[in-house]
Amino acid sequence: MENLRTIDVLIIGAGPAGTVCGSLLKQAGVECAVVDHATFPREKVCGGGLTVKAWRLLDELMPGIKYEYRSINHMRVQFEDDKVCDFHSEYEIRMTRRMDFDYDLLKYYQNHGGEFIKGSFARFEKQADGRILVTLKSGMQFSCRYLIAADGANSMIRKQMTGAPKMHALFLEYYVEGEHDDDIFVHFSKKYSPGCFYKFPSRGRDMYGFVNIETNEDWKRHSGTFREALNHFGVSEGRMRGAYIPLNTVESTVDHVILIGDAGGFPNKLTGEGLYDAFKTAYNAFRAITENKPFHETNAAVFKKMEDQKKVYNFFFSRFGYPLIRWAAGYPKIIKWMFDAKMKRETFRERR
C-alpha cells in the first residue's frame, strides 16, 4: 500500500502533552511522529498558568526549553462580596500565552529531531498482529506499535473508544489588551456554583475567565452569567471564546493505545489546571513505552490523584465545605500557608 507507513509510536495532537511525550521518546531513540491538523502558532482556550510544580517538571523533561512568561506572585480571592483575601505566594506562577507557549514546545521537539505531520485523525483499528492501524482523513495510514492520544478535550480517539465525556467543565474567556494588573484574582459566588470567575494577567493582555462544572451544556445561560460578572467588576463586554473540557478520567480499552492530557480527562478536578498533568501523563506514557509496562501501572499515582480530587471538589462545593472555606478566606495568613504548603509538597515530590 503506497499510503501505508510503519512507525514505532504515533502521537495524535501537538499540544503540550503530545510534544513533551514526543521529545522524551526522541531523546530515548524511539521512532515517533506527531500529527496535528492545526497550523502553529494557534490560539487555545486556556489561562496559560504554569504553577511551580508544572514549570519545574517541564524544565526536567525538556532541558533548556525557552519560553516567554510573566511572573506573578500576588493572589486575591473573594467569596461573594466579602473582604478580599490578599496574599503573596512564595512561588511564582508563570503566565504564558498558549499560542506562543505551545509553539515553543513544538519547535523544541522539532529542533531535537522530532517529525511533525500536518493531518487530521480519522480512525484506528487493532490488527491481528497486535499493531495499531491509524488512518488520517487524507487517506494516509500508519501501522504503529503504540498510538498516543494527545488530541485534547475533543479527542476523536477517546470518542471512538468510550464515547462522549460524561462530566465536563465549560470554560469561557475574554481578553483585554495590555498589561494592567499584576495579580491573579478568583471570585466565588453561589451564582456561579459549581464554578468561579477569575482574572489572569497574561503576556500583553489580561484574561478574564469563567468556569462552570456540570453536565448540562447550557452555553447561553453561562455566557450571560459571565457577562454579568464582567459588568460587576467593571470590565467592558466583548467577544468571548469558550471550550468544554472533559473532567471524567478514563482509561484506554485497547492495548497500546494511551490517552494523555485532556484527551484522558486529566485536568485538575477543582482548579481546571491541565498543564502539569499533561506533562506528567506524557512522561508516564513515555515510561510505559520504554519500560514495556502498562500505562495504568506507570500512571497509577495520577489515576489515584484524579479520584482524590473528585472528593475535594465535592467537599468544596458542599453545604459544609463552601462556608468553611469562605470563613478561612477571612484569614489571609491561613490561605497563604495552605497555598504555599501545597505548592511545596507537590513541587519536591519525586516525579517517578
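Counting only distance, with no hydrogens or angles, the side chain of Thr281 and the backbone of Gly261 share a donor-acceptor pair below 3.5 Å. Using a distance-only test at 3.5 Å, with no hydrogens or angles considered, a donor-acceptor pair links the side chain of Gln160 to the main chain of Phe124. Panel note: side chain Tyr208, backbone Val176; no donor-acceptor pair is recorded below 3.5 Å. Checked by atom type and distance alone, the side chain of Asn111 pairs as donor or acceptor with a backbone atom of Lys107 at under 3.5 Å. For the pair Asn212 (side chain) and Gly195 (backbone), a donor-acceptor distance under 3.5 Å is absent. Put simply, the side chain of Thr249 never gets that close to the backbone of Met306: no donor and acceptor are under 3.5 Å apart. Without hydrogens or angle criteria, Asp262 side chain to Ile245 main chain gives no donor-acceptor distance under 3.5 Å. At distances below 3.5 Å, not a single donor-acceptor pair connects side-chain atoms of Arg94 with backbone N or O atoms of Ser71.
Within a 6.0 Å radius of NZ in Lys126, more than 12 heavy atoms belonging to other residues, nucleotides or ligands are found. Heavy-atom neighbours of His74 NE2 from other residues, nucleotides or ligands within 6.0 Å: above the threshold of 12. Within a 6.0 Å radius of CE in Met99, other residues, nucleotides and ligands contribute more than 12 heavy atoms. Within 6.0 Å of the CZ atom in Arg241, the count of heavy atoms belonging to other residues, nucleotides or ligands exceeds 12.
In this pair, Phe266 and Phe303 present their aromatic rings tilted. The plane angle is within the 30 to 60° band. The aromatic rings of Phe316 and Tyr322 sit perpendicular, their planes meeting at an angle over 60°, well past the 30° parallel limit. Note on ring orientation: taking the six-membered ring where Trp is involved, the planes of Phe226 and Phe210 are parallel (angle under 30°, cut-offs 30° and 60°).
Exactly one residue among Ile258, Ile117, Leu25, Val35 makes a side chain to side chain contact (heavy atoms under 4.5 Å, CB included) with Ile11. That residue is Leu25. For the side chain to side chain contact (heavy atoms under 4.5 Å, CB included) criterion with Arg145, the lone passing option out of Thr6, Ile7, Leu10, Asp8 is Asp8.
Applying the side-chain contact (heavy atoms from CB on, under 4.5 Å) test to Pro201 and every residue at least two apart in sequence or in another chain returns Arg70, Ile72, Ile184, Asp206.
Among all heavy-atom pairs drawn from Ala329 and Cys85, the shortest one is O-CB, 3.1 Å. Pro16 and Arg98 make their closest contact through CD-NH2, 3.3 Å (heavy atoms, listed as atom of the first residue, atom of the second, distance). Gly49 approaches Ile93 most closely through the heavy-atom pair CA-CG2, 4.2 Å.
Considering CG of Leu275 and CG of Leu58, their distance stands at 9.0 Å, rounded to 0.5 Å. Atom CD1 in Ile65 sits 8.5 Å away from atom NE2 in His112 (nearest 0.5 Å). Separation of atoms CD (Glu125) and OG (Ser143) is listed at 11.0 Å; rounding is to 0.5 Å.
Ring-centre distance between Phe233 and His187: below the 6.0 Å cut-off. Between Phe317 and Tyr313, the distance from one ring center to the other falls under 6.0 angstrom.
Lys118 forms no cation-pi arrangement with Phe116, by the criterion of a distance under 6.0 Å to the ring centre and an angle within 45° of the ring axis. For Arg326 and Phe79, the positive end is not near the middle of the six-membered ring at less than 6.0 Å and at most 45° from its axis.
Counting only heavy atoms from C-beta outward, the side chains of Arg203 and Asp100 approach each other to under 4.5 Å. Looking only at side-chain heavy atoms (C-beta outward), Glu92 and Tyr69 come within less than 4.5 Å of each other.
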